[in-house]
Amino acid sequence: MADFNTLDGVNVAGKRVLLRADLNVPMKDGVVGDTTRIERTVPGLIELADAGAKLVVITHFGRPKGERIAEMSLKPVADALAKQLGRPVKFADDCIGAAAADVVNSLKDGEIAVLENLRYHAAEEKNDPAFVAELAKLGDIYVNDAFSCAHRAHASTEGLAHKLPAYAGRLMQAELEALGNALEAPKHPVMAIVGGAKISTKLDLLGNLVAKVDQLVIGGGMANTFLAAKGVNVGKSLCEHDLLATAREIFAKAKAANCEIVLPVDGLVAREFKAHADHTVSDINDVDADGMILDAGPKTIVDLNKRLESCETLVWNGPLGAFEIAPFDTATVSVARQAAKLTKAGKLLSVAGGGDTVAALRHADADQDFSYVSTAGGAFLEWLEGKELPGVAALRG
Ligand code: 3PG
Ligand code: MG
């Protein structure tokens, strides 16, 4: 059972529903790039509109820090949303005050409006009570559908939940349920794959995961720091030599928690960081002094794919190699496809998220078959760190 209020059984007909979405999408030259966040938001909006809500969508866009920066207007995003919805969307050029009130008051049941960028007001990020009160005037109930902003304690993500009757939107609900299944009450054995360049940004995350999962696979540049901590010579590979002691602490913590840390046993070693660079397959103990490990090697891939077969649950964050440059995407692609295949066959529950991960899974053509791919970057990482996200905590109320 969810310990937050969902929209189940809530009568929204004729009510002004103030819905915090995350429409912070990539934009270039006024055109929305990846529309995933919009697409994921749409079904929840349609459900509410079709139930007769007067829907008022609020969101931030970029980091204008309280200034009305024209490039950070939500107007093009509202247009992209209308296109995805296949319905008109009204637009107010401010999120509070008369401009907002006029548009909200003009809504008929089932109509949708988007209000201008919340972060045009510095008070948003300060969670200023006066600003919360201004926003609250625009709604009868508050729906937070922005899991990917739940690590921010801002007026629209936290403050409003204390001011109006508050509910988790459908996307928030789906994220919380998927993440809960993967880490709060998972089926064991649980494997976590954590990759990416550096451990310095993921220390809390690794510390939390070793206490929760049975196997922690470390890949990408991060693996080199752990290898070096074990005395392996990683040549010129990316490695945080100042964090070897920290890596050893994580080994000790893992041992105490009965978590196996899985490191690469071989790698693709090159002398330059570029696509199709000359490379050799090298045992992890034989890396040349001037070599760089840019991907996990074939033995590691076989090992990981085999391990996955006996896992029930997988949590994935970060690539296993330099996946942006072929052929150093090989390990990421192979293991992602194995996870997707096992998931599709009903043998694995797989959840992924955070920064580069979605791009990596998409590159592997594996994202569609994962149980759940989170739209969140920073919020997913903080969740992996075991932190209570303020936006979620406020909904538990
Ligand atoms: C994101 O893109 O991660 C969210 O929209 C949060 O944005 P922020 O990092 O600017 O708070
Ligand atoms: Mg961010």
Side-chain angles (χ1 to χ4, degrees), residues 19-28 31-42 44-45 57-69 71-78 80-81 84 95 114-128 131-132 135 143-161 168-172 174-176 178-179 196 201-202 204-205 316-318 351-362 367 372-385 387-395:
L19 182 140
R20 175 52 155 111
D22 185 3
L23 301 181
N24 186 29
V25 289
M27 170 97 67
K28 210 176 166 238
V31 181
V32 175
D34 180 23
T35 54
T36 308
R37 281 184 173 166
I38 297 178
E39 286 160 31
R40 296 273 189 97
T41 302
V42 158
L45 300 188
V57 178
I58 51 174
T59 177
H60 78 282
F61 181 44
R63 292 177 176 167
K65 297 270 166 214
E67 284 184 47
R68 273 191 90 94
I69 298 174
E71 291 74 35
M72 293 180 197
S73 169
L74 278 163
K75 184 70 177 78
V77 179
L81 175 65
Q84 293 283 340
C95 61
V114 171
L115 310 186
E116 186 56 286
N117 199 342
L118 290 158
R119 290 189 186 169
Y120 277 180
H121 297 266
E124 156 67 0
E125 293 187 60
K126 292 188 185 123
N127 202 354
D128 177 340
F131 184 69
V132 173
L135 289 172
V143 172
N144 187 349
D145 214 11
F147 173 79
S148 44
C149 302
H151 56 320
R152 309 287 181 216
H154 296 171
S156 67
T157 60
E158 205 276 341
L160 275 173
R170 292 305 186 197
L171 183 54
M172 170 73 87
E175 295 256 5
L176 292 177
L179 302 189
T201 54
K202 294 195 180 172
D204 291 346
L205 184 156
W316 188 328
N317 169 256
V351 170
D356 271 356
T357 316
V358 181
L361 295 186
R362 209 171 276 158
D367 56 313
Y372 197 81
V373 179
S374 175
T375 56
F380 187 85
L381 295 180
E382 289 197 23
W383 171 76
L384 282 185
E385 290 168 4
K387 289 193 183 137
E388 173 87 298
L389 307 180
V392 176
L395 289 177

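Basis for what follows: all heavy atoms, side chains included, without hydrogens, waters or symmetry-related copies. Start at 1 and go down the list; that is how both ligands and their atoms are numbered.
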Next item on the list: May I ask you to identify, for R37, whether its side chain, its backbone, both or neither come under 4.0 Å of ligand 1 on a heavy-atom basis?
Entry: side chain
Notebook entry, point to check: Any idea which part of R119 is under 4.0 Å from ligand 1, heavy-atom wise: side chain, backbone, both or neither?
Noted result: side chain
With heavy atoms of [X] as the reference, note each atom of ligand 1 found under 4.0 Å away.
X    : answer
S148 : 4 (C), 6 (C)
R152 : 8 (P), 9 (O), 11 (O)
R63  : 8 (P), 9 (O), 10 (O)
D22  : 4 (C), 5 (O)

Next item on the list: Please determine if R362 and D34 form a salt bridge, counting it only when a charged side-chain N lies under 4.0 Å from a carboxylate O.
Entry: yes
Next item on the list: Please indicate whether any nitrogen or oxygen in H151 is less than 3.5 Å from any nitrogen or oxygen in ligand 1.
Entry: no
Margin query: On a heavy-atom basis, which atom in A352 and which in T357 lie closest, and how many Å separate them?
Written below: CB-CG2, 4.1 Å
Next item on the list: Compare all side-chain heavy atoms of L171 with those of R37 and state whether any distance is below 4.5 angstrom.
Entry: no
Notebook entry, point to check: Do the non-hydrogen side-chain atoms of R20 and L160 ever get within less than 4.5 Å of each other?
Noted result: no
Margin query: Restricting to ring-ring contact (aromatic ring centres under 6.0 Å, His included), what partner residues turn up for H60, sequence neighbours left out?
Written below: none
